[in-house]
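Here the structure is laid out as structure tokens; the discussion comes afterwards.
Order of the sequence lines fixes the chain letters, A, B, ..., with proteins taken first and strands second; residue numbering starts at 1 for each chain. Owing to the predicted nature of the structure, the values given are computational and were not obtained by experimental measurement.
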Amino acid sequence: MCTVCGCGHPATNGDGSSHDHPHEHRHTHEHSHGDLRHTHEHAHRHSHAQEHGDAHSHNHGGDGAHDHDHAHAHDHSHDHEQGHSHDVVHRADGSIDFGAGPAAVHAPGLSPGRTVRIVREIMAKNNDFARANRARLSALGTLALNFVSSPGSGKTSLLVRAIDDLKDRLDIAVVEGDQQTARDAERIRATGARAVQINTGKGCHLDAHMVAHALDELAPEPRGLLFIENVGNLICPAGFDLGEAHKVVVLSVTEGEDKPLKYPEMFAAADLMLLNKSDLLPHVDFDVDACLANALRINPNLQTLVVSARTGEGSAAFYAWIEARLARLADAHAGAVAPASGNGVGAGGAE
Amino acid sequence: MHEMSLTESLVALIESEGAKQGFSRVRTVKLAVGALGHVDPEAMRFCFDAVARGTIVEGAQLAVSIVPGTAWCLDCARTVGVSERGAACPECGRYRLQVNGGEDLRLEELEVD
């Protein structure tokens, strides 16, 4: 049987000399497109006449039953009844191209394509970089936190305050991600901390490869702290592991308390939520309890702190959270079994 | 539009498989996308045609199968089906759900020449 048109005749020479049937396609072509898109490009283009040097029929019974097994490259259901034309590419713009696409699928001897089972995670490349970053940071005993939020929630201000408060105790390096400018890195450097600015250009998130480069440049000190300030975007950075220990999502009280419900993926990906700008609470209609309940509805494991980068409210709790994790990292580093011991404030005590 | 960079990763992945396995044209790309994942299939389709241009994937059909979302209900102590994040447990009506399935983004199969 011809493997392409299934017409029942042996496929032989390139000129199709054994195909000896009149060319009578008369069947409608009913695509049941359930979806919106309509850019199917039929791969069942057998250039009759020319390739075969003959006419060509599909032995349709009078009832229109039709049993050709072309290699259809489209997977919508496809009921042939009467009068459809082959060799046709319906373009998205409504034009119809009779000559486009891979020609001569009906070449005898040519296999109609094969199926290759290739199971691969599409994030694999990013995740390989992330794994390498994580291994590198864990070998140093450095705690990396990836700060994510919408633009304007106060990430940089929080970091500036945290660096000022912690820099005497800890080595802190910062990766700043923004579409453009080095303004945030300059603000960080003004505190005395080392900072690398990554400009993503058209990119809407940092990826692990960018962070790998930043690590080369920053050369973090052992048992230090690495803050990664992601691009201000409450959607895209959620899916990209940078090799951080934790994602920290920052939300401010000038945003809506329903943001965790509206942008759930970021709150699902984070381990800690900082609800910032608490100093503005007297001036805004913001229900803190409702906000925290919404966040926990998305992620029941999320830890939450109410903070103000301006007044320092909540900072002590935030630093205790950081130092407990640094201590745990140091324990793991020393090969000890890290006991889950509340707020182990004081990284040095873990040695 | 993180779908653009994901689609670039996908096409790069297929091109490197093509070099390894010796195919030079791809007809169909079958993807598994989780209902609770980070990818909007329609946005990915939009990017796909643009990114595929000039590669062995050009003109290929993108076939997306949606992997349903599941979550562990802390109250029912079992896995239940969920249609979106923040939805209630279909069994007990509470919200203490930890997503444990449907975050996939995987290339499954190619039809190639």
Sorted by number, residues from residues 242-252 of chain A in contact with chain B (heavy atoms, under 4.5 Å): none

Once you round to the nearest 0.5 Å, how far does SG of Cys204(A) lie from CE of Met4(B)? 10.0 Å

Who in residues 257-269 of chain A is close to chain B, using a strict under-4.5 Å heavy-atom cut-off? Pro264(A), Glu265(A), Ala268(A)

Checking Glu109(B) against Ile118(A) for the side-chain contact (heavy atoms from CB on, under 4.5 Å) test, could you report, in this order, the C-alpha distance in whole Å, the side-chain angles of both residues, the deciding distance, and whether it holds? CA-CA 5 Å; Glu109(B) 202 171 273; Ile118(A) 299 178; over 6 Å; no

Region of Leu36(B) that comes under 4.5 Å of a non-hydrogen atom in chain A: backbone

Given heavy-atom pairs under 4.5 angstrom as the criterion, report whether the side chain, backbone, both or neither of Glu17(B) touches chain A. side chain

Take Ser5(B) and His205(A), measure what side-chain contact (heavy atoms from CB on, under 4.5 Å) needs, and give me the verdict at the end. CA-CA 10 Å; Ser5(B) 65; His205(A) 57 266; 3.3 Å; yes

Student check: side-chain heavy atoms of Arg114(A) and Phe23(B) closer than 4.5 Å: yes

Closest approach of Ile235(A) to His2(B) (non-hydrogen atoms, all atoms of both residues): CG2-CE1, 4.2 Å

Mind listing the closest non-hydrogen atom pair of Met123(A) and Leu6(B) along with its distance? SD-CD2, 3.0 Å

Picking from Arg85(B), Gln21(B), Glu103(B), which has the most non-hydrogen pairs under 4.5 angstrom with chain A? Arg85(B)

Val112(B) and Val116(A): which non-hydrogen atoms are nearest, and at how many Å? CG2-CG2, 3.5 Å

Arg106(B) vs Arg120(A), test: side-chain contact (heavy atoms from CB on, under 4.5 Å). Steps then yes/no. CA-CA 6 Å; Arg106(B) 201 168 47 246; Arg120(A) 294 274 190 287; 6.0 Å; no

Heavy-atom cut-off 4.5 Å, strictly under: side chain, backbone, both or neither for Leu105(B) against chain A? both

From Asn299(A) CG over to Arg96(B) CZ, what is the distance, rounded to the nearest 0.5 angstrom? 12.5 Å

Run the numbers on Ile122(A) and Leu31(B) for side-chain contact (heavy atoms from CB on, under 4.5 Å), then give the verdict. CA-CA 9 Å; Ile122(A) 293 163; Leu31(B) 287 188; 3.5 Å; yes

Nearest 0.5 Å, what's the OH-CD1 distance between Tyr95(B) and Ile298(A)? 10.0 Å

If every non-hydrogen atom of Leu74(B) is compared with every non-hydrogen atom of Pro300(A), which pair is closest and at what distance? CD1-CB, 3.9 Å

